[in-house]
Amino acid sequence: MEDCLFCKIAAGEIPSKKAYEDDEVLAFYDIAPQAPVHVLVIPKKHVSDVYAAQGESDAFLAKLLRTAAKVAGELGLAENGFRLVTNCGADAQQSVRHLHVHILGGRPLEGKMG
Ligand code: AMP
């Protein structure tokens, strides 16, 4: 999608520090990390958020979640644990309107939700 930051990252038009990539998904390090490990997992196809992703296949969503778990493991987070977050819309303060799952870990995380 034109003028979508994460579409440009997925296309390699804007550089990112990649953690994982295949034909369908890309995982890259967040530019403003909120934890010692903070990686974003995105589908390469433009879908604005998880609500809109209801229009996609079960496999599409499963792939995103499975990749997040796989990358978390590869980054050494499996033993102590990690958090996956996907913000959706204004109240959740979603700032980039391209579906992404945050992987957060590497230290005990505050709270349970926010
Ligand atoms: P959200 O607020 O859930 O939409 O998350 C968007 C995330 O994208 C934030 O954590 C930003 O720090 C991150 N971000 C924005 N621009 C970039 C970029 N060019 N490379 C990597 N991460 C980015």
Side-chain angles (χ1 to χ4, degrees):
M1 188 198 188
E2 227 175 292
D3 285 335
C4 170
L5 174 63
F6 286 179
C7 281
K8 288 179 179 164
I9 287 177
E13 292 165 14
I14 290 177
S16 66
K17 185 181 170 194
K18 293 176 188 177
Y20 175 80
E21 182 172 22
D22 65 25
D23 288 347
E24 297 165 325
V25 299
L26 172 67
F28 58 98
Y29 286 82
D30 197 291
I31 203 168
Q34 304 298 308
V37 178
H38 188 174
V39 166
L40 304 172
V41 186
I42 65 167
K44 290 190 170 177
K45 177 181 179 182
H46 183 85
V47 174
S48 60
D49 57 42
V50 73
Y51 188 76
Q54 290 176 99
E56 302 298 321
S57 68
D58 289 353
F60 175 91
L61 282 167
K63 176 70 183 279
L64 200 64
L65 201 54
R66 188 185 302 113
T67 302
K70 172 189 164 75
V71 170
E74 288 172 357
L75 296 176
L77 301 180
E79 188 176 345
N80 287 339
F82 55 91
R83 185 172 290 163
L84 301 182
V85 174
T86 187
N87 294 315
C88 181
D91 277 0
Q93 298 185 43
Q94 183 183 4
S95 60
V96 179
R97 298 289 293 160
H98 180 127
L99 175 61
H100 51 284
V101 176
H102 296 256
I103 302 172
L104 296 155
R107 66 163 167 80
L109 301 164
E110 308 90 24
K112 281 203 168 180
M113 299 293 172

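Sequential numbering from 1 along the given sequence is applied to the chain's residues. Both counts, for ligands and for their atoms, begin at 1 and track the order of listing.
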How far apart are the C-alpha atoms of Lys18 and Leu26, what are their side-chain angles, what is the distance that settles it, and do they pass the side-chain contact (heavy atoms from CB on, under 4.5 Å) test?
CA-CA 7 Å; Lys18 293 176 188 177; Leu26 172 67; 3.7 Å; yes

Starting from [atom], which protein heavy atom do you reach first, and at what distance in Å?
| atom | answer |
| --- | --- |
| atom 12 (O) of ligand 1 | Asp30 OD1, 2.5 Å |
| atom 16 (N) of ligand 1 | Leu5 CD2, 3.3 Å |
| atom 8 (O) of ligand 1 | Phe6 CZ, 3.4 Å |
| atom 2 (O) of ligand 1 | Ser95 OG, 2.9 Å |
| atom 14 (N) of ligand 1 | Ile31 CG2, 3.7 Å |

[X] touching ligand 1 at heavy-atom level, < 4.0 angstrom:
| X | value |
| --- | --- |
| His100 | yes |
| Ile9 | yes |
| Ile14 | no |
| Gln34 | no |

Which atoms from ligand 1 have a heavy atom of [X] less than 4.0 Å away?
| X | result |
| --- | --- |
| Ala32 | 12 (O) |
| Gln94 | 4 (O) |
| Gln93 | 2 (O) |
| Tyr29 | 21 (C) |

Indicate yes or no: at least one non-hydrogen side-chain atom of [X] is less than 4.5 angstrom from one of [Y].
| X | Y | result |
| --- | --- | --- |
| Phe82 | Leu75 | no |
| Asp3 | Lys8 | yes |
| Gln54 | Tyr51 | yes |
| Phe28 | Ile42 | yes |
| Leu40 | His102 | yes |

Taking the six-membered ring where the residue is Trp, are the ring centres of His100 and His98 under 6.0 Å apart?
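Here the rings of His98 and His100 have centres that are no less than 6.0 Å from each other.
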
Heavy-atom pairs closer than 4.0 Å: do any link ligand 1 to the side chain of Val85, the backbone, both, or neither?
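It is neither part, as no heavy atom is under 4.0 Å.
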
Could you see which bit of Phe28 sits under 4.0 Å from ligand 1, with heavy atoms only: side chain, backbone, both or neither?
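Under 4.0 Å from ligand 1, Phe28 contributes side-chain atoms alone.
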
Just wondering, are more than 12 heavy atoms of other shown residues or ligands nearer than 6.0 Å to CG in Asp22?
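More than 12 within 6.0 Å, yes.
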
Please say whether more than 12 non-hydrogen atoms of neighbouring residues, nucleotides or ligands are located less than 6.0 Å from CD in Glu13.
yes

Main-chain N/O of Ala19 paired with Glu74 side-chain donor or acceptor, under 3.5 Å:
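Such a contact is absent between Glu74 side chain and Ala19 backbone.
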
